[in-house]
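Note that this is a predicted model, so its numbers are computed, not measured. Lettering of chains follows the sequences in order, A, B, ..., and the numbering in each one begins at 1.
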Amino acid sequence: MRKIFVEVYAHFSKEGEITPISFVWLDGKTYEIDKIIEKRNAASLKAGGQGIRYKILVRSKVLYLFCDENRWFVEFT
Amino acid sequence: MGRVILHCDLNNFYASVECLYRPELKNKPVAVCGESELRHGIVLAKNQIAKSYGIQTGDVIWQALKKCPNLVILKPNFPLYIRFSKLVQQVYSEYTDLIEPFGIDECWLDVTESTKILGSGRKIAYEIKERIKTELGLTVSVGVSFNKVFAKLGSDYKKPDAVTVITKENFKQIVWPLPAKDLLYVGSATEKKLSSRAIYTIGDIAKSSPEYLKRILGKWGEVLWIFANGLDTTPVTPPLFEDNIKGIGNSVTLPRDLTCYEDAEYVIRMLSESVAQRLRQQYLKCYTVQVWIRDSFLFSITRQEKLKNPTFLAREISQKAFEIFKKHWNFKNSIRSLGVRALDLVCANSFYQLEFDSLKKFKLEQLEKVVDQIRRRFGQSAVLPAILLTKSDLPCEIPLHNKIHPVAFFK
């Protein structure tokens, strides 16, 4: 399990809620997040780190996107 | 219904946070140690594997390496630990608002009222334990009991990642056979005094008479008897309801020993700047200045003196501190650590006897307040007393916060 730091485009609501919309992957392409399945605080025990964990659906693949302080990373096998 | 108190103690806190961020270290012995170049080189925390090698908190790095040559030594990352401490407290705050921190990694929670909605103390303890594990990746030991002392004993009883419930019915079986030193406020000196009178366990303390204990240990004897019998009624006090601050102090272990008065004056000035700035931040003045000195043989003394009028001026505090220092230290031994503390605090606006040079003092107060503003805007090193530019081998940064500090049980 690796930790891939990514650039994220997100929506900041008036209430201060952050919703990630898309991210830039290693190949330089921007991938839209099709759906946020779940959002919760979680530790990334395998990749290392802790933050708000978004369980997301990207092109029918489930990924875990973490916001650890102000840095975003994806758990990747 | 009796009280339901939880004591939550994060296991190997610093080391666990480090291992969480470096999963590759999970199966290696890891210790978080102070920086040896700054002579803070002791083990601050170790993980479970390092513990199995006999490494203890407080071991000097070379001692630890002798016990375990392949020990991974990490530098501490205090901002990260403080962040996790806050996150853990956020979890606790979902169960009760009566939370009393006892250091960075321990808290007491009074969940008496919450049990009516959320279930028993045991249930809440397990829920907290599991949440901290999944949400923060840390393990916690929780003690559940009807008073703070037994709750703390419970969290120490089984480690790591465990819940221990000590009730009025079972405390004699669980607590009493434990060694006396496991009880809060039984240090090594007290333990020696007790064991010389054949008092070895907490049960022995409980069965002794309070008068006898008082004769041996003074008023603490009575307190220990109350603790051992489960009669402690100390409330869980959130920091908001804390008594007024009793003192503001800063101390430092230096990168090299101090060998002359000039060195000492330098360090005292640096510490006094910090103490004075923190006093001003809290709108307080002090009547007493205290100096703490630890020599190269780790022998320490504390001396204090009163001021004529209360002050929050760095120059007055440092003058007094240096005066005390010169009176009580002759440099037979060199100095390893030094501390300055302001005591007998009063509100900065309180009345006091004016002097002939009060106007001068008022001007100096205004001046130091302006220095605070400059430091707030441009950083702590933006304005420094010239003396702090004279020694390149001693630290000159003025610490502003004493973020990690031990907390007293009695308030």
Exercise for the section: Flag yes if more than 12 heavy atoms outside B:K159 fall under 6.0 Å of its NZ atom; otherwise flag no. Expected result: yes

Handout entry: Atom CZ of B:R83: over 12 foreign heavy atoms under 6.0 Å
Key = yes

Handout entry: Considering all heavy atoms, the nearest B:E135-A:N41 contact
Key = CG-O, 3.3 Å

Exercise for the section: Could you tell me whether the side chain of A:K3 and the main chain of B:Y21 form a donor-acceptor pair under 3.5 Å? Expected result: no

Fill in the blank from the handout: Shortest non-hydrogen pair, B:K26 vs A:L45, comes out as NZ-O, 3.2 Å

Handout entry: A:Y9, OH atom: more than 12 neighbouring heavy atoms under 6.0 Å
Key = no

Practice task
Mind checking side-chain contact (heavy atoms from CB on, under 4.5 Å) for A:S13 and listing every partner two or more places apart, or none if nothing turns up?
Solution key: A:H11, A:E15, A:E17

Exercise for the section: Can you tell which part of B:L87 gets under 4.5 Å to a heavy atom of chain A, answering side chain, backbone, both or neither? Expected result: side chain

Fill in the blank from the handout: d(A:Q50 CD, B:L80 CG) to nearest 0.5 Å is 9.5 Å

Handout entry: Flag if over 12 foreign heavy atoms under 6.0 Å of CZ, A:R40
Key = yes

Exercise for the section: Sort B:R131 into side chain, backbone, both or neither according to what part of it lies under 4.5 angstrom from a heavy atom of chain A. Expected result: neither

